[in-house]
Amino acid sequence: NLVLEGLAFRYSYTPITSAIDVQRTLYNLYDVYRYRGLLKPAAGGEAPAPVFADVGKWATPDSIDLGTPYVYDTKVYKDDNTKRLVTNYAAAHLKLCINYLESHEYDKAVRELERAVLISPDYTGFQEIAVATYGYAGMMAKAESLASLFISQNPKATNIYLQMFRVYRRVGRDQDAENIVLRMINALPDNPEGYSLLASYYEEQGEHAKAAGIVNRWLSLHPNDQSAMKLLESLQKKASGE
């Protein structure tokens, strides 16, 4: 019975149909909160694109409408604790972003994602959502460049590989989907997620021999995995037509 309204949850005495009150949250985030000390009006009335730390611009200034044009106020000092607290504002915008992704309103999802980064440029909790948002919005070059950046920063960023797999599958780029999981397996040879995902993908495609090969690869590193051994046996039977 809890409904999100910006940074707080309100208890509802009646059953709810959505975990977020979108209109009230938008009102709080854009009209009530003033973000003094975080944002300041942009010079010349133009809103620049949000900026990653040491990365550069995400988007062209006219790609989204952030309402009143703001930039991050670097002149106001924020200690580490303040920066951590500020991520709550970013998280609220990301909640809206996810809501819009689920309702297929991708332009709004991009707007909320980029607003989150504008408010808290050092926050890293948006990375997985950023890849999905740009990918689902059809902005593949941006999704791919961000995924490559995040993976280069952290080769063990499991969720980035998985999100790009979903994005590639969504747009019908199956070879790229396969390659990103193979890249994950090479980077994380002891993580079973990549093997499981790729084996399931091959099996879905009817390529049982290739699925068996991936399971075999896992077993070469983990020969005592009983469930993998049973799966391999099943796949080999399917591959042989039994």
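Fair warning: this is a prediction, and the values are worked out from it, not measured in the lab.
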Using 0.5 Å steps for rounding, measure from the [atom1] atom of [X] to the [atom2] atom of [Y].
X	Y	atom1	atom2	answer
Arg169	Ile180	CZ	CD1	14.5 Å
Asn186	Asn179	CG	CG	10.5 Å
Asp190	Leu221	CG	CG	6.0 Å
Ile160	Gln153	CD1	CD	9.5 Å
Leu38	Thr74	CG	OG1	12.0 Å
Ile214	Leu231	CD1	CG	11.5 Å

Which pair of heavy atoms, one from [X] and one from [Y], lies closest together, and at what distance?
X	Y	result
Ala212	Leu235	N-CD1, 3.8 Å
Tyr161	Ala187	OH-CB, 3.4 Å
Gly135	Val167	CA-CG1, 3.7 Å
Leu29	Ala92	CD2-CB, 3.9 Å
Met164	Ala143	SD-O, 3.9 Å
Ile129	Cys97	CG2-SG, 3.7 Å

Can you tell me if [X] uses its side chain to pair, donor with acceptor, with the backbone of [Y] under 3.5 Å?
X	Y	value
Asn99	Lys95	no
Ser120	Val117	no
Tyr195	Pro189	yes
Ser196	Pro192	no
Ser152	Leu149	yes

Taking the side chain as every heavy atom from C-beta outward, state whether Thr133 and Tyr106 have any atom pair closer than 4.5 Å.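 Heavy-atom side-chain distance check fails, nothing below 4.5 Å.
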
Residue pair Val131 / Phe150, side-chain heavy-atom distance below 4.5 Å: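 Val131 vs Phe150: side chains touch.
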
Salt-bridged, [X] to [Y], with N to O below 4.0 Å?
X	Y	value
Asp176	Arg173	yes
Glu203	Lys238	yes
Lys108	Glu112	no

Going through the checks in order, is the side-chain contact (heavy atoms from CB on, under 4.5 Å) test met by Leu96 and Arg115? CA-CA 11 Å; Leu96 280 173; Arg115 183 73 171 194; over 6 Å; no

Are [Y] and [X] connected into the same hydrophobic cluster when the rule is that any two of I, L, V, M, F, W, Y join if their side-chain heavy atoms are below 4.5 Å apart?
X	Y	value
Leu85	Ile119	no
Val76	Leu39	no
Leu162	Val171	yes

Which label fits His222 and Trp218: parallel for a plane angle under 30°, tilted from 30 to 60°, or perpendicular past 60°?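 His222 vs Trp218 ring planes: parallel.
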
Working note: Tyr202 + Glu178, criterion side-chain hydrogen bond (donor to acceptor under 3.5 Å, both in side chains); need CA distance, chi angles, decisive distance, verdict. CA-CA 9 Å; Tyr202 286 145; Glu178 179 181 347; 2.5 Å; yes

What's the verdict on side-chain hydrogen bond (donor to acceptor under 3.5 Å, both in side chains) for Asp225 and Ser227, showing C-alpha distance, side-chain angles and the deciding distance? CA-CA 6 Å; Asp225 188 330; Ser227 60; 2.8 Å; yes

Regarding Gln163 and Tyr168, is there a side-chain donor-to-acceptor distance under 3.5 Å anywhere?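 On atom types as modelled, these side chains do not qualify, holding no pair under 3.5 Å.
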
Could you tell me whether the side chains of Thr82 and Asp79 share a donor-acceptor contact shorter than 3.5 Å?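 Present: a donor and an acceptor within the cut-off.
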
Assert yes or no for the condition that the ring centre distance of Tyr11 to Phe9 is strictly below 6.0 Å.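 Centroid separation for Tyr11 and Phe9: 6.0 Å or greater.
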
Between Asp21 and Arg10, is a side-chain contact (heavy atoms from CB on, under 4.5 Å) present by the stated rule, with each step listed? CA-CA 10 Å; Asp21 184 331; Arg10 184 183 298 278; over 6 Å; no

Answer yes or no on whether Arg170 is positioned over the face of Tyr136, meaning its NZ or CZ is under 6.0 Å from the six-membered ring centre and within 45° of the axis.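 Yes, a cation-pi geometry.
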
Can you confirm if the NZ or CZ of Lys78 lies within 45° of the ring axis of Tyr72 and under 6.0 Å from the centre of its six-membered ring?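 So Lys78 does make the cation-pi contact.
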
For a side chain to side chain donor-acceptor pair (under 3.5 Å) with Asn159, tell me which candidate from Glu193, Gln127, Glu128 qualifies.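 Running side chain to side chain donor-acceptor pair (under 3.5 Å) over Glu193, Gln127, Glu128 with Asn159 returns exactly one hit, Glu128.
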
Verify side-chain contact (heavy atoms from CB on, under 4.5 Å) between Leu219 and Leu232, making sure each step is shown before the conclusion. CA-CA 9 Å; Leu219 283 168; Leu232 176 61; 3.6 Å; yes

